[in-house]
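Scroll down for the structure; my scribbles are underneath it.
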Amino acid sequence: MSTYRDVKKITTNTLQKMKADGEKISMITAYDYSFARLFDAAGIDVILVGDSASNVMAGHETTLPLTLEQMIYHAQCVVRGVSRSLIVVDMPFGSYQSNSDIALASAIRIMKETGGHSIKMEGGSEILDSIQKVVAAGIPVMGHLGLTPQSIYKFGTYAVRAKEEAEAEKLLADAAALQAAGCFALVLEKIPASLAQKVSQSLHIPTIGIGAGMHTDGQVLVMHDMLGINTEFKPRFLRQYLQLHAQITGAVQQYITDVKTSAFPNEAESY
Ligand code: KIV
C-alpha cells in the first residue's frame, strides 16, 4: 500500500519526497502518550499536537484559552509515545502574534522543552516575519491557512472560508509567501476543494487538508472526531471511523452494573 511504510523516521524531507512521488500524507492529532503510541505504531506519518486540545481535552469552546505551558505539557506526553512519526506542535494563541521575537522565544521553548520536531502557526502575510525568524533559527514551520480557529472572533463563524474571489486570491498569495518564507508544509482548513487543488498544484511543499477536498497532498483529522468520541461535532468533511462514544458508554454502563450486582470481580479476578 505505502512505499514509505518502512521508513524508520518521518522527517520534513520525507514529506517533500512523498509529495513528489504522489504518496498521500496521513496526519492525526494526539495530546497524550497512550494515543500517540497507538497512532505511531499504526503507521501514521504525522502527529499534530493540536491546540484543539483546548476543545477536546480541556472542554473550552474555542482554542484561545490554551497556554504555552499547557501545549508544552501535551507535547511532552506525545513525544514519549512516538518513535517514527513526525511531530508537529501547535503554537497556541498569544504565543506568536505580538512580534517575531516573542514568536521565536515561544518556538524555542517548544523545541527545547518537548522534543517535538516542528511547530505550526496560523496565518499568512500578517505573521510572515515571525515565520522567517523561526525558520532562520532552524525550526521547521508548518503553515495553516483558510479557517484558522485562533481568529474565530474575527470570522464570527466556523463556515467555509475563501468562497469569495478576493479571499481566495489572498489565500493563494499567502500560500506562496509561506512557501517562500520556508514553511515545509501547509494545512488548508475548510476551503473549497477547487481552491485547495489550485494551491496544492501551485506549491512544491505539501498541503494537508481538513475539509479541503480530495486534491491536497495529505489529510488531517482531530482524533476525537474521527474516532467518534464526540457526537455533537459532525461537519460534512468528517468521516467517523469508529463510534467510540456509544462503545465507551456501553462498556462503562456494563461495568457499573457488574459492580452494583457484585458480578465484578469474580474468583479468577481475585488474589
Ligand atoms: O489544532 C488542531 O487540531 C488543528 C487541526 C484542525 C489542523 O490545527
Side-chain angles (χ1 to χ4, degrees), residues 15 24-32 35-36 39 44-68 70-75 77-78 85-97 106-107 110 114 116-124 127 131 140-152 155 157-162 171 175 178 183-191 196 199-200 205-213 216-227 229-230 233-240:
L15 302 191
K24 295 273 187 175
I25 298 163
S26 59
M27 174 160 140
I28 192 168
T29 66
Y31 317 95
D32 70 2
F35 277 107
F39 300 156
I44 200 84
D45 296 315
V46 185
I47 292 182
L48 170 66
V49 188
D51 64 350
S52 46
S54 182
N55 310 108
V56 297
M57 300 301 290
H60 294 298
E61 217 169 282
T62 73
T63 57
L64 276 68
L66 206 73
T67 66
L68 184 57
Q70 288 163 339
M71 276 309 298
I72 287 172
Y73 169 74
H74 286 295
C77 299
V78 166
S85 311
L86 179 79
I87 300 170
V88 182
V89 184
D90 255 337
M91 297 261 276
F93 178 69
S95 71
Y96 63 98
Q97 287 89 351
S106 303
I110 288 174
T114 72
H117 309 135
S118 60
I119 58 102
K120 175 163 83 59
M121 287 189 252
E122 295 182 4
I127 58 158
I131 291 178
V141 176
M142 179 178 274
H144 185 154
L145 295 174
L147 177 64
T148 46
Q150 291 179 13
S151 304
I152 187 57
F155 298 146
T157 158
Y158 286 100
V160 177
R161 302 302 315 170
L171 192 143
L178 292 185
C183 284
F184 71 90
L186 195 54
V187 166
L188 296 174
E189 181 164 352
K190 229 171 168 190
I191 61 171
V199 174
S200 305
I205 59 170
T207 58
I208 316 278
I210 174 164
T216 51
D217 303 302
Q219 298 291 333
V220 56
L221 285 175
V222 169
M223 59 160 281
H224 290 69
D225 301 338
M226 68 84 75
L227 295 176
I229 296 172
N230 294 328
F233 185 68
K234 270 198 185 156
R236 172 170 160 173
F237 70 78
L238 174 64
R239 187 176 296 178
Q240 284 187 337

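In listed order, ligands and their atoms are each counted from 1.
- Distances from ligand 1 to the non-hydrogen atoms of E122 include no value under 4.0 Å.
- Of all atoms in ligand 1, numbered sequentially from 1 with element shown, those under 4.0 Å from a heavy atom of T29 are 3 (O).
- Contact detail for F184 and I205: the closest heavy-atom pair is O-CB, 3.6 Å.
- The parts of D51 lying near ligand 1 are both backbone and side chain, judged by heavy-atom distances below 4.0 Å.
- Between M142 and C183, the shortest heavy-atom distance links the atoms C-SG, 4.5 Å.
- Nearest protein heavy-atom neighbour of atom 2 (C) of ligand 1: S52 OG, 3.2 Å.
- Contact annotation: for T63 versus ligand 1, there are no heavy atoms closer than 4.0 Å.
- When only interatomic distances are considered, the shortest N/O to N/O separation between E189 and ligand 1 does not fall below 3.5 Å.
- Among all non-hydrogen protein atoms, the one lying nearest atom 4 (C) of ligand 1 is L48 CD2, 3.5 Å.
- Annotation for I44 and I47: closest pair CG2-CG1, 3.6 Å, computed over non-hydrogen atoms.
- To the nearest 0.5 Å, the span separating OH on Y31 from OH on Y73 amounts to 14.5 Å.
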Discussion item. Side chain to side chain contact (heavy atoms under 4.5 Å, CB included), that's the test. Do M57 and H224 meet it? Break it down for me.
Written reply: CA-CA 9 Å; M57 300 301 290; H224 290 69; 3.9 Å; yes
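- When each of V46, L186, L15 is paired with P206, the side chain to side chain contact (heavy atoms under 4.5 Å, CB included) condition holds for L15 and for no other.
- Contact detail for Y158 and L147: the closest heavy-atom pair is O-CD2, 3.8 Å.
- Interface of D90 with ligand 1, defined as ligand atoms under 4.0 Å from a residue heavy atom, comprises 1 (O), 2 (C), 8 (O).
- Remark: ligand 1 atoms within the under-4.0 Å shell around heavy atoms of V222 are 3 (O).
- If you number the atoms of ligand 1 from 1 as listed, the ones under 4.0 Å from a heavy atom of H144 come out as 8 (O).
- Looking only at heavy atoms of the protein, atom 8 (O) of ligand 1 is closest to K120 NZ, 2.9 Å.
- Shortest non-hydrogen contact noted between S54 and A58 is O-CB, 3.4 Å.
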